[in-house]
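Right, one structure below, let's go through it.
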Amino acid sequence: SWPTTSRPGKNSAAILAAASLLVQKLLSGTKGMSRYARRKCAAQPFRQHREVVLWWGTTVECVSALARVEREAQTAKAAIQRGWAVLKTLRDGVLEIKPSEDIRLSAEHLLSKHPLRAADSLQLAAALTWRESQPVGASFVALDRRLQTAAALEGFRVVPYPKEVQ
């Protein structure tokens, strides 16, 4: 089950989850997942935190992945239906960081500092905005190595931690 939140504070035991991990969690056990994704997809990062915080566009990325898998018939209908149910529960139980001018400007700045994709820069900018630019002590989960590395360099405790930063 997903941790729930009403409005986590800057110092609460919350985690900002990137779409890459959530998509893999929604599709866990499907044929379309890489071996690496299956290993890293365990719910353990979520069990360690009471609250989950998401960027506004994260669920859109999750819907895109679920719809693609469903269209391409890459997995059993039951697994896809479970994915849709988990996504609905997720939407209802997390704090969502909405788009803003500050997030856009921060994302643009992050793109000049790190080799990120645009969507990943928005996720990281949302995380920094949520933490009021003080990420130390906050957890950030992602499977994308570039996003993991950038989040770690910005000061987040990244799960799983990227070797490039060690």
Side-chain angles (χ1 to χ4, degrees), residues 1-10 12-30 32-34 37-38 40-108 110-111 116-131 135 138-148 150-151 154 156 158-160:
S1 79
W2 294 92
T4 59
T5 183
S6 54
R7 187 164 189 85
K10 190 175 84 163
S12 66
I15 189 167
L16 193 124
S20 58
L21 184 76
L22 295 177
V23 167
Q24 298 303 339
K25 181 167 177 50
L26 292 173
L27 297 174
S28 61
T30 67
M33 288 176 58
S34 69
R38 279 192 204 104
K40 298 299 183 184
C41 183
Q44 182 179 357
F46 296 103
R47 287 189 194 118
Q48 297 171 358
H49 297 84
R50 291 188 311 266
E51 302 163 316
V52 176
V53 180
L54 298 178
W55 158 239
W56 170 83
T58 298
T59 58
V60 175
E61 290 186 57
C62 292
V63 166
S64 172
L66 282 171
R68 179 183 48 79
V69 169
E70 190 170 39
R71 277 191 310 275
E72 295 173 1
Q74 292 181 355
T75 192
K77 280 191 177 229
I80 293 171
Q81 288 172 342
R82 262 193 324 275
W84 288 115
V86 170
L87 182 58
K88 182 184 179 335
T89 301
L90 173 67
R91 278 188 183 137
D92 295 340
V94 299
L95 173 67
E96 188 174 75
I97 306 297
K98 305 287 188 216
S100 69
E101 182 68 10
D102 287 342
I103 290 174
R104 184 182 65 80
L105 292 172
S106 178
E108 290 172 356
L110 289 167
L111 288 168
L116 294 170
R117 293 180 196 94
D120 291 338
S121 74
L122 287 163
Q123 287 185 16
L124 185 52
L128 288 166
T129 298
W130 162 62
R131 293 296 297 182
S139 295
F140 188 100
V141 292
L143 291 180
D144 181 88
R145 291 219 188 266
R146 289 180 288 188
L147 182 53
Q148 288 174 333
E154 291 297 322
F156 284 97
V158 176
V159 180

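Just so we're clear, the structure is a prediction, and the values are computed from it rather than from any experiment. Because only heavy atoms are used, hydrogens play no part in the values below, and waters and symmetry mates are left out as well, while side chains stay in.
Between Ala107 and Leu122, the shortest heavy-atom contact is CB-CD2, 3.7 Å. For the residue pair Trp55 and Ala126, the shortest heavy atom distance occurs at CE3-CB, 3.4 Å.
With hydrogens and angles ignored, the 3.5 Å screen pairs a side-chain donor or acceptor of Gln148 with a backbone N or O of Ala142. In terms of modelled atom types and a separation under 3.5 Å, the side chain of Thr58 and the main chain of Leu54 share no donor-acceptor contact.
With a 4.5 Å cut-off on side-chain heavy atoms, Phe140 and Glu154 do not count as touching. Leu87 places a side-chain heavy atom less than 4.5 Å from the side chain of Arg91. Contact of the Ile80 side chain with the Val69 side chain is registered, since non-hydrogen atoms from C-beta on lie closer than 4.5 Å.
A distance of 8.5 Å separates CH2 of Trp130 from CG of Leu95, quoted to the nearest 0.5 Å. From Thr59, atom OG1 reaches atom NZ of Lys88 across 12.5 Å, with rounding to the nearest 0.5 Å. Here CD1 of Ile97 is found 13.5 Å from CH2 of Trp56. Values are rounded to the nearest 0.5 Å. Taken from OG in Ser106 to CG in Leu124, the straight-line distance is 7.0 Å, to the nearest 0.5 Å. Leu111 CG to Ser121 OG: the interatomic distance, rounded to the nearest 0.5 Å, is 3.5 Å. Between the CG atom in Leu128 and the CG atom in Leu110 there is a gap of 6.0 Å [rounded to 0.5 Å].
Qualifying salt bridge (Lys or Arg N to Asp or Glu O under 4.0 Å) partners for Arg146, counting only residues two or more places apart in sequence or in other chains: none. For Arg104, the salt bridge (Lys or Arg N to Asp or Glu O under 4.0 Å) criterion is met by Glu101, Glu108, not counting sequence neighbours. Judged as a side chain to side chain contact (heavy atoms under 4.5 Å, CB included), and not counting sequence neighbours, the contacts of Ser100 are Asp102, Ile103. Checked against side chain to side chain contact (heavy atoms under 4.5 Å, CB included), Ala119 has the following partners two or more places apart in sequence or in another chain: Glu61. Listed by chain and number, the residues in a side-chain hydrogen bond (donor to acceptor under 3.5 Å, both in side chains) with Lys98 are Glu96 (sequence neighbours excluded).
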>> Walk me through whether Leu116 and Leu147 qualify under side-chain contact (heavy atoms from CB on, under 4.5 Å).
In response: CA-CA 6 Å; Leu116 294 170; Leu147 182 53; 4.2 Å; yes
